[in-house]
Protein chains: 2
Amino acid sequence: MNGSGYNVERNDHICFSVTQFERGETMDRRKEIILAATRSFSMFGYKATTMDQVAKIAKVGKGTIYTFFSNKEELFQEIVRSTIREMRSEAEAVIDPEEPFRLKAHQALMKMLEFREQHALLGKLIEEEKEIRTQAVQEMLLEVEDEIVGFIAGKLKMAIERGEVRPCDPKLVAYMLFKSYLAFVIEWPETRGEPLKEETIANLFNETLFRGLLA
Amino acid sequence: MNGSGYNVERNDHICFSVTQFERGETMDRRKEIILAATRSFSMFGYKATTMDQVAKIAKVGKGTIYTFFSNKEELFQEIVRSTIREMRSEAEAVIDPEEPFRLKAHQALMKMLEFREQHALLGKLIEEEKEIRTQAVQEMLLEVEDEIVGFIAGKLKMAIERGEVRPCDPKLVAYMLFKSYLAFVIEWPETRGEPLKEETIANLFNETLFRGLLA
DNA sequence: TGATTGACCGAATCGGTCAACTGGTCATTA
DNA sequence: TAATGACCAGTTGACCGATTCGGTCAATCA
């Protein structure tokens with residue numbers, strides 16, 4: 001653990017021989033495994049994904065997986081965490097500190113809505129947590145929620161200090177934003193059939209919550 | 001079905017003899033059954049409530065229940081629907097048309113938070129749907145969601161026409177209000193341990209969403 | 001005579017068992 | 001020496017008899 005909010009794994013077990021590393025073979029194997037596992041987790045969920053299956057799709061022996069990841073759960077965590085890291089850095093990248101709060105919020109939201117594949121993974125995991133309550137999935141989703149809510153809350157806190165946003169409890173508002181986002185992106189399509197247009201969702205947030213937050 | 005949004009059952013099977021009806025005995029039996037079933041559904045949920053149990057609590061023979069309700073699911077629907085009707089009329093009662101939108105919204109929200117404490121039924125059903133996915137409960141909760149979202153959307157539409165609320169898609173905003181409400185009332189206590197104070201929730205809504213909706 | 005009842009029935013559910021599967025290891029291989 | 005897949009122990013879920021439950025109806029009651 002470090003103080004930045006991310007868990008940085010101790011990767012002692014990843015020790016490349018120079019030749020292999022130079023030829024890029026080891027990284028390819030690792031990447032293939034992650035790619036295969038990501039696809040399988042997205043399609044079948046955590047529990048229904050077998051390590052044999054991952055090995056087969058990645059075209060490696062099962063034992064090879066265990067030279068990179070100490071067990072199934074760690075492979076899973078690595079995938080979900082790097083997904084979240086990627087989303088976070090893209091969000092940061094799209095936020096221009098010079099712009100007003102509402103525009104920044106709108107742009108960040110639009111950027112998040114672009115992550116279709118990542119949404120597919122999270123959607124599958126949420127489904128699995130609802131239907132079979134896999135413990136590893138439950139724990140991971142809680143971590144994801146904390147991570148995202150914490151991120152949003154941090155941004156809100158700064159905006160409040162800058163006087164751009166009226167004083168409020170950033171944690172609660174961030175929680176509301178996150179849950180509303182999930183409701184529209186994941187739950188609405190499930191019960192109402194058709195997913196909402198990205199623009200529709202972004203405009204809705206912009207015209208209600210983002211507007212209501214302004215100082 | 002009729003057009004008003006409620007299902008009005010064809011009650012051909014309820015034919016009172018004049019004497020019994022005058023003595024109020026038939027209505028008492030029906031009420032006792034509904035009371036017993038409401039208590040049992042609230043305490044144990046739909047699946048764990050047996051018809052023998054309901055008959056015992058209501059102090060009637062099991063067969064008597066089937067003279068009023070054609071099966072367990074219909075009894076259940078009758079109870080949930082009348083609970084929703086009650087919620088609806090309590091909400092209507094607390095809304096003073098003369099008051100400004102934000103105050104009405106705030107008061108209705110407070111009333112709902114209060115209602116929830118007195119009526120454990122819906123909370124129990126949400127718990128059951130999450131834990132054992134009883135189909136009858138799932139279907140009923142979807143109907144409840146539609147009913148409530150429709151109700152809120154109607155109020156919003158009127159407020160928009162009155163010029164009190166800025167133009168927006170009432171269905172989407174109502175959905176967001178409903179889902180946020182559930183997030184704070186049901187999910188927050190589950191993952192964060194302590195439930196939020198009613199006042200905290202109501203103020204949060206008031207200071208963000210309700211404010212953002214104003215024309 | 002018509003309302004009420006609870007014993008009864010078939011269907012659904014439960015708990016217990018065991019074969020099949022899965023995560024993880026490690027001796028063998030190239 | 002990195003990669004592998006046969007192998008092992010622990011877990012799972014398909015299967016099955018026993019039990020419970022929703023719903024019926026002939027007998028009872030007022």
Side-chain angles (χ1 to χ4, degrees), chain A residues 13-33 36-37 40-41 44-79 128 131-137, chain B residues 11-33 36-37 40-41 44-79 128 131-137:
Chain A
H13 55 289
I14 304 180
C15 312
F16 315 106
S17 76
V18 176
T19 42
Q20 277 193 334
F21 182 78
E22 278 172 351
R23 274 184 287 152
E25 285 176 4
T26 299
M27 284 314 279
D28 275 0
R29 287 193 131 76
R30 191 184 147 91
K31 271 186 186 150
E32 283 303 320
I33 291 167
S40 190
F41 286 142
F44 310 114
Y46 177 78
K47 199 178 173 190
T49 290
T50 69
M51 295 302 261
D52 281 298
Q53 197 178 29
V54 172
K56 207 169 177 182
I57 299 175
K59 282 176 226 152
V60 298
K62 186 163 61 157
T64 308
I65 299 177
Y66 290 88
T67 64
F68 295 108
F69 306 95
S70 62
N71 54 44
K72 185 183 180 183
E73 190 167 349
E74 201 183 90
L75 169 62
F76 176 60
Q77 290 171 346
E78 166 67 28
I79 285 172
E128 180 169 353
E131 289 189 0
I132 50 179
R133 326 222 101 186
T134 318
Q135 207 205 344
V137 173
Chain B
N11 285 332
D12 343 313
H13 57 287
I14 304 180
C15 311
F16 314 106
S17 76
V18 176
T19 41
Q20 279 193 331
F21 182 78
E22 278 171 351
R23 273 185 285 150
E25 286 176 6
T26 299
M27 283 314 279
D28 274 359
R29 287 195 129 76
R30 193 184 146 90
K31 273 186 186 151
E32 282 304 320
I33 291 166
S40 189
F41 286 142
F44 309 115
Y46 177 77
K47 200 178 173 192
T49 290
T50 70
M51 295 303 262
D52 283 295
Q53 196 178 29
V54 172
K56 207 167 177 183
I57 299 174
K59 281 174 228 155
V60 297
K62 186 160 64 157
T64 307
I65 300 177
Y66 289 89
T67 64
F68 295 108
F69 306 94
S70 62
N71 54 44
K72 185 183 179 183
E73 191 168 347
E74 201 184 90
L75 169 61
F76 176 59
Q77 290 172 345
E78 165 70 27
I79 285 171
E128 180 170 356
E131 288 189 1
I132 50 179
R133 325 226 92 192
T134 319
Q135 208 206 341
V137 173

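Proteins get letters first, then strands, A, B, ... in listed order; numbering begins at 1 in each.
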Nearest to the side chain of [X], which nucleotide is it out of [options]?
X     : options               : answer
B:T50 : D:dG23, D:dC21, D:dA3 : D:dC21
B:K47 : C:dC14, D:dG23, D:dT4 : C:dC14
A:V60 : D:dT4, C:dT4, D:dG22  : D:dT4

Task: For the student: nearest non-hydrogen atoms of A:Q53 and A:F44, plus distance - done: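 For A:Q53 and A:F44, the tightest heavy-atom pair comes out as NE2-CE1, 3.6 Å.
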Between atom [atom1] in [X] and atom [atom2] in [N], what is the gap in whole Å?
X     : N      : atom1 : atom2 : value
A:Y66 : C:dT25 : OH    : C1'   : 9 Å
B:E74 : D:dG23 : CD    : P     : 10 Å
A:D52 : C:dC21 : CG    : P     : 11 Å
B:K56 : D:dT20 : NZ    : P     : 14 Å
B:R29 : C:dT4  : CZ    : C1'   : 7 Å
B:I65 : C:dT5  : CD1   : C1'   : 11 Å
B:Q53 : D:dG23 : CD    : C1'   : 17 Å
A:I33 : D:dA3  : CD1   : P     : 9 Å

Task: Most 5' of A:K59 and B:Y46 on DNA chain D, judged by nearest nucleotide - done: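 Checking each residue's closest nucleotide, the 5'-ward one belongs to A:K59.
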Task: Non-hydrogen side-chain atoms of B:K59 and B:E32 separated by less than 4.5 Å - done: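 No. Closest side-chain heavy atoms not under 4.5 Å.
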Task: 4.5 Å side-chain heavy-atom contact, B:T64 and B:R29 - done: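 Sidechains of B:R29 and B:T64: in contact.
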Is [X] near enough to [N] that one of its side-chain N or O atoms lies under 4.0 angstrom from OP1 or OP2?
X     : N     : result
A:T64 : D:dT4 : yes
A:R30 : D:dA2 : no
B:K62 : C:dT5 : no

Open item on the list: Looking at A:E131 and B:R133, is any side-chain nitrogen of the basic one under 4.0 Å from a carboxylate oxygen of the acidic one?
Closed with: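 Counted as a salt bridge, because a side-chain N and a carboxylate O are separated by less than 4.0 Å.
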- [ ] Compute both the distance and the angle, then confirm whether A:K72 meets the cation-pi test with A:Y46: under 6.0 Å from the six-membered ring centre, within 45 degrees of the axis.
- [x]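 That pair qualifies as a cation-pi contact.
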